[in-house]
**Q** 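Dropping the structure in here first, questions after.
In listed order, ligands and their atoms are each counted from 1.
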Amino acid sequence: MEIFKYMETYDYEQLVFCQDKTSGLKAIIAIHDTTLGPALGGTRMWNYATEEEAIEDALRLAKGMTYKNAAAGLNLGGGKTVIIGDPLKDKNEEMFRAFGRFIQGLNGRYITAEDVGTTVADMDLIHEETNYVTGISEAFGSSGNPSPVTAYGVYVGMKAAAKEAFGSDSLEGKTVAVQGVGNVAYTLCEYLHKEGAKLIVADINQASVDRAVNAFGAVQVDVNDIYSQDADIFAPCALGAIINDNTIPQLKAKVIAGSANNQLRDTTHGDIIHEMGIVYAPDYVINSGGVINVADELYGYNAERAMKRVATIYDKIERIFEISKRDGVPSYVAADRLAEERIARVSKSRSQFLQNGKHILNGR
Ligand SMILES: NC(=O)c1ccc[n+]([C@@H]2O[C@H](COP(=O)([O-])OP(=O)(O)OC[C@H]3O[C@@H](n4cnc5c(N)ncnc54)[C@H](O)[C@@H]3O)[C@@H](O)[C@H]2O)c1
Ligand SMILES: CC(C)C[C@H](N)C(=O)O
């Protein structure tokens with residue numbers, strides 16, 4: 001992989017490699033764009049097969065956060081960290097404290113939070129070394145685990161997508177096929193069950209499936225069969241790139257609305273599902289509830305204010321479908337336009353000179 005070439009093509013600002021032998025920390029912080037403000041994005045811990053795979057994941061996810069934060073109306077740029085290792089075996093206190101010190105060294109250019117493989121307890125350890133971390137314990141007056149709030153955002157976004165596809169946003173009687181019933185999807189299933197939706201679930205972890213089957217009467221299917229279910233809505237809530245050449249021909253659902261990041265394997269897959277008439281709620285918009293919630297900590301956390309803002313994901317998804325129809329483009333393009341236009345507007349309005357920071361005039 002030619003890293004600088006890749007960074008230049010997609011406008012990345014900075015890639016930071018962090019190593020600490022004592023704790024075994026190997027982390028990559030990717031900062032994509034800080035036009036709107038400091039880069040905020042979670043830390044993923046994953047057993048990557050190769051270093052290249054880890055770098056690629058950090059870069060892709062960081063860019064996604066630039067778009068997510070911009071579309072959510074936050075004054076934050078986009079970044080992400082990946083820690084190479086098995087979250088079940090390789091974690092220790094020193095690792096997260098060492099990582100916190102690396103974040104502190106960036107002096108506020110990057111703020112972290114949870115992602116796949118990291119928890120509130122990990123954020124609390126990072127917080128021992130830096131204030132540039134969110135999603136820390138409620139005991140600190142903070143927002144804690146973002147997953148339930150992300151789930152609420154996915155739920156309201158799914159309703160907006162259902163309205164677009166079926167003419168009504170009621171999910172009562174609708175069948176939803178949920179891929180991965182982890183932290184976000186369990187709470188999502190709770191909302192869906194409460195509204196009277198029928199649930200089909202698949203997960204590589206049998207305990208997670210059992211939990212959803214017992215609590216919500218969900219029907220279990222094999223992980224390979226989740227795409228082809230006779231469902232109204234497909235909710236990808238596991239990992240990325242699951243809308244691809246292999247899975248698209250299997251899909252029967254009219255709507256795709258789920259929490260996973262980077263759902264489209266490639267932009268061409270967004271074009272294909274658009275042509276098929278599938279209503280796709282763009283991933284980084286529908287799953288922005290978590291980042292909206294943790295970002296609220298930067299103002300002194302207020303749960304009510306955060307939830308009100310998360311509820312507007314419904315309107316945001318509606319707006320994206322409007323742009324999609326107005327401009328004759330797939331919904332993922334409409335979402336990108338929304339984000340890019342905001343970054344361009346804010347960048348312009350912030351371009352006037354201000355007498356602060358280091359400048360030749362400071363000596364006068
Ligand atoms: N947690 C948040 O607040 C948040 C916010 C935004 C986006 N997301 C995204 O949502 C997704 C889920 O996040 P989470 O926090 O619930 O993670 P999680 O790890 O708790 O849940 C993911 C679940 O998917 C299952 N899974 C993994 N591979 C699978 C496969 N091939 N088939 C079926 N199941 C599989 C796992 O066993 C797990 O139960 C991730 O893509 C994450 O990046 C999460
Ligand atoms: C800041 C975090 C809550 C980020 C979250 N993991 C996401 O992908 O949006």
**Q** Show the distances, to 0.1 Å, for all pairs joining an N/O atom of ligand 2 and a protein N/O atom that are shorter than 3.5 Å, listing one pair per line.
**A**
residue: ligand 2; atom: 6 (N); partner: Glu114; partner atom: O; Å: 3.0
residue: ligand 2; atom: 6 (N); partner: Asp115; partner atom: OD1; Å: 2.7
residue: ligand 2; atom: 8 (O); partner: Lys68; partner atom: NZ; Å: 3.1
residue: ligand 2; atom: 8 (O); partner: Lys80; partner atom: NZ; Å: 3.1
residue: ligand 2; atom: 8 (O); partner: Asn261; partner atom: ND2; Å: 3.0
residue: ligand 2; atom: 9 (O); partner: Lys68; partner atom: NZ; Å: 2.5

**Q** Is the distance between the ring centroids of Tyr110 and Tyr132 less than 6.0 Å?
**A** no
**Q** According to ring-ring contact (aromatic ring centres under 6.0 Å, His included), who are the partners of Tyr186, at least two apart in sequence or on a separate chain?
**A** Phe216
**Q** Report yes or no: do Asp115 and Thr118 form a side-chain donor-acceptor pair below 3.5 Å?
**A**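 No, no side-chain donor-acceptor contact under 3.5 Å.
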**Q** Listing by chain and number, which residues have a heavy atom under 4.0 Å from ligand 1?
**A**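 Shell around ligand 1 (4.0 Å, heavy atoms): Arg44, Lys68, Asp115, Val116, Pro146, Ser147, Thr150, Gly180, Gly182, Asn183, Val184, Ala202, Asp203, Ile204, Asn205, Ser208, Val223, Cys237, Ala238, Ser259, Ala260, Asn261, Asn287.
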**Q** Other than Ile242, what residues sit in its cluster of Ile, Leu, Val, Met, Phe, Trp and Tyr side chains whose heavy atoms are under 4.5 Å apart, directly or through others?
**A** Ile200, Val221, Ile226, Tyr227, Phe234, Ile243, Ile248, Leu251, Ile256, Leu264, Ile272, Ile273, Met276, Ile278, Tyr280, Val329, Tyr332, Val333
**Q** Please determine whether residues Val184 and Ile233 belong to a single hydrophobic cluster, defined as Ile, Leu, Val, Met, Phe, Trp and Tyr linked transitively by side-chain heavy-atom distances below 4.5 Å.
**A**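 Different clusters: Val184 never reaches Ile233 through Ile, Leu, Val, Met, Phe, Trp or Tyr contacts under 4.5 Å.
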**Q** Are Ile28 and Val133 connected in a single hydrophobic cluster, I mean Ile/Leu/Val/Met/Phe/Trp/Tyr linked by side-chain heavy atoms less than 4.5 Å apart?
**A**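 In one cluster with Val133: Ile28, no.
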**Q** For the CZ atom on Arg97, are there more than 12 heavy atoms of other groups (residues, nucleotides or ligands in this structure) within a distance under 6.0 Å?
**A** yes
**Q** Do Phe99 and Ile29 have side-chain heavy atoms sitting under 4.5 Å apart?
**A** yes
**Q** Under 3.5 Å, is there a donor-acceptor pair between the Asn47 and Lys89 side chains?
**A**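 Absent: no donor and acceptor within the cut-off.
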